[in-house]
Chemist: 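Dropping a structure here in structure tokens format, bear with me for questions.
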Amino acid sequence: MAAATLVVSLLMSGLTFWAVNTIQQDARMNDTRFGSDLGLLLAANVAPAIAEGNLTEVARFTNRFYSSTSSVRYMIYADESGKIFYGIPYSEEEVQNSLTIERRIQLPESYAQYSELPLVRQHLTPDGQVTDVFVPLNYQGKYWGVLAIGINANPTVVASSHLTRDVTIAVFISIWAMVILGAVFNALTITRPIKELLLGVKNIAAGNFKQRIDLPFKGELGELISSFNEMAERLERYEEQNIEELTAEKAKLETLMSTIADGAVLLDTDLHVILVNPTAQRIFGWEGLPVVGENVLHHLPAALTVKLTKPLYQIATSETIAEEKGDFPSDEAVKTHSRLPEIGEFRLTLTEPTQRTVRILLIKVLDQRTETIKGIAMTVQDITREVELNEAKSQFISNVSHELRTPLFNIKSFIETLYEYGEDLSEAERREFLDTANHETDRLTRLVNDVLDLSRLESNRTYVLGAVDLLQTAEQTLRTYQLNAKDKGIELSQEIEPNLPPVVGHYDLLLQVLANLVGNSLKFTKAGGKITIRAYNLESTPYPLEEIEKVRIEVSDTGIGIDKEDQEAIFDRFFRVENRVHTLEGTGLGLSIVRNIIEKHNTTVHLVSEVGIGTTFWFDLPVYSEELIQSYQDTDEN
């Protein structure tokens, strides 16, 4: 708009000034002709008087002529040397009296040669443009001087020229005034809302859906603003809905990740941690560390970092993990495998922060089209218990096999000897062989029964607990082992507190506990020793939500005792202290059975032992009450 206005204004100004110049040119031509004709006429009338020296006639004629026309600005007479001797509106006397210099008309040197022709020029004065006409004064063929006449410009032409100039300036100013006013109007009515719309669109693009435009416009611009505000409002509602849904989904995901037993770590393609659950923090020792946003390889244990660096970078760069053997699959296998979300599984034993065995599963996180990798999900499983159970299982099978093989071998050996050499053996030898085979058969039976008992106790079977009279249990146990103790010269006794209330327990299981403990004591107590079963009330001890009375049960002996280095392993399966004293009695399962039975009663078995002094096993059981039994049942149901 400004450029178009400038072109139009320049064009109009050019046309106007061309017209003014043309008018002025015509006016100058007219003034020139008028001045030449007037000068020639006046020179012809005054030349004779000047030649005769009649200056009075010249002055009279000149005054009359000057007074009769308004077009003449001045009239000056000069002699042939150019000295001014008369002039209107000033005279020589006035000039000489008022000035100390002599006034002369400076004419070209060759002017006298061409004195028959008038000389015309124009000059600009403060009062306007003047046409100067220099007419030679010739009389009777002699050059007497020069007449200089100043002709004023045509007032009509001057007025027209000024008017044209003023109109041009006014038009020029008006055009620019209109342009400026139009620009201001445009800024107020169009540019401002457009700028507001532009700013609003930028804010919307930046995610600020609360942007609104509040301008009172009507028409199409008003509809545009209204449509923009409606769009922003819908986007804001849509964003709020999406945020609520995303927040809910995020809460679900975080809850799920925080409650799952396995560790979970989510990485981006730069291997930076995005999300980690408490289980993974505990496994890797990240509690309280700001690992989110950090490179996971900078915080993993050293052994795991070495193991996972190459696979993680291969996944992040969309490469396929090769087999751990070192040979790479074919191209087709790579293409097929790369489309699968599951990438690789790694198993490693960590030594820090604690000794544990973990299984790491790396999974690609793909986009909706399953084409682009968006991140890596790392699942961490603590399989320490699983490994220990597998080792224990293998050890258990090995021990059971060994324990079974020994009596079977002995039975088979003695029976084969009887079969092949029975006639050559004496009656006493045959009876000894049969007695040994029978003893090994009893030992094999005990081993099988102990294994079955332990397997049953370690299962998820639930036992119904009730009221148990400890006095009855202790007396039955003593009756069972009374003859055996008498043969070995060992004293069996009980110290049961009078009026002892019944306890919460399972009668058969508690009877088996006392039997195993007493039987175990009989094996390691020498003749003259003593084995005692005690039971007595404890003072009330804090229990969740209430005070509960307990009874302590002890089995003490004066046997050989247990070394401190063996006390931690005494309850392990097939661990036998008798191996250290070179005896072959027992299966090594008795105390394992005791521990499992006591754990079924929601308590723990303890021991105090000193080598050469004796050993005491003890555990606590709560006094029976209906409320306590109900709480146990509710706990089992939950």
Chemist: Residues in ring pair (Phe, Tyr, Trp, His ring centres under 6.0 Å) with H606, at least two apart?
Modeler: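 Residues passing ring pair (Phe, Tyr, Trp, His ring centres under 6.0 Å) with H606: W618.
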Chemist: List in chain and number order the residues that pass ring pair (Phe, Tyr, Trp, His ring centres under 6.0 Å) with F284, two or more places apart in sequence or in another chain; answer none if no residue qualifies.
Modeler: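 For F284, the residues satisfying ring pair (Phe, Tyr, Trp, His ring centres under 6.0 Å) (neighbours in sequence not counted) are W286.
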Chemist: Within the distance-only criterion (no hydrogens, no angle test), does the side chain of D270 pair as donor or acceptor with the backbone N or O of H272 below 3.5 angstrom?
Modeler: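 Checked: no pair found.
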Chemist: Does F414 reach the side chain of L434, with side-chain heavy atoms less than 4.5 Å apart?
Modeler: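 No, side chains not in contact.
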Chemist: What I'd like to find out is whether the side chain of L621 reaches to under 4.5 Å of the side chain of T603, using heavy atoms alone.
Modeler: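 Yes. Closest side-chain heavy atoms under 4.5 Å.
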Chemist: Any donor-acceptor pair under 3.5 Å linking the side chain of H601 with the backbone of I597?
Modeler: yes
Chemist: Check N484, T558, I531, D557 against I490 for a side chain to side chain contact (heavy atoms under 4.5 Å, CB included) and give me the one that passes.
Modeler: I531
Chemist: Please give me the minimum heavy-atom distance between L312 and L297, naming the atom from each residue.
Modeler: CD1-CD2, 3.7 Å
Chemist: Can you run down the side chain to side chain donor-acceptor pair (under 3.5 Å) pairs that involve residues 489-509, sequence neighbours left out, and say none if there aren't any?
Modeler: Q476-Y507, S493-T532, E495-R534
Chemist: Looking at residues at least two apart in the chain, or sitting in another chain, which of them share a side-chain contact (heavy atoms from CB on, under 4.5 Å) with D424?
Modeler: Y421
Chemist: Under the ring pair (Phe, Tyr, Trp, His ring centres under 6.0 Å) test, which residues partner Y481, sequence neighbours left out?
Modeler: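 With neighbours one apart ignored, the set is empty.
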Chemist: Using modelled atom types only, decide if a donor and an acceptor are shared between the side chain of E429 and the backbone of S426 within a distance under 3.5 Å.
Modeler: yes
Chemist: Once salt bridge (Lys or Arg N to Asp or Glu O under 4.0 Å) is applied, do any residues pair with R552, and if so which ones, sequence neighbours excluded?
Modeler: D620
Chemist: Would you say the side chain of L275 lies within less than 4.5 Å of the side chain of V292, judging by non-hydrogen atoms?
Modeler: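 Of all side-chain heavy-atom pairs linking L275 with V292, none is under 4.5 Å.
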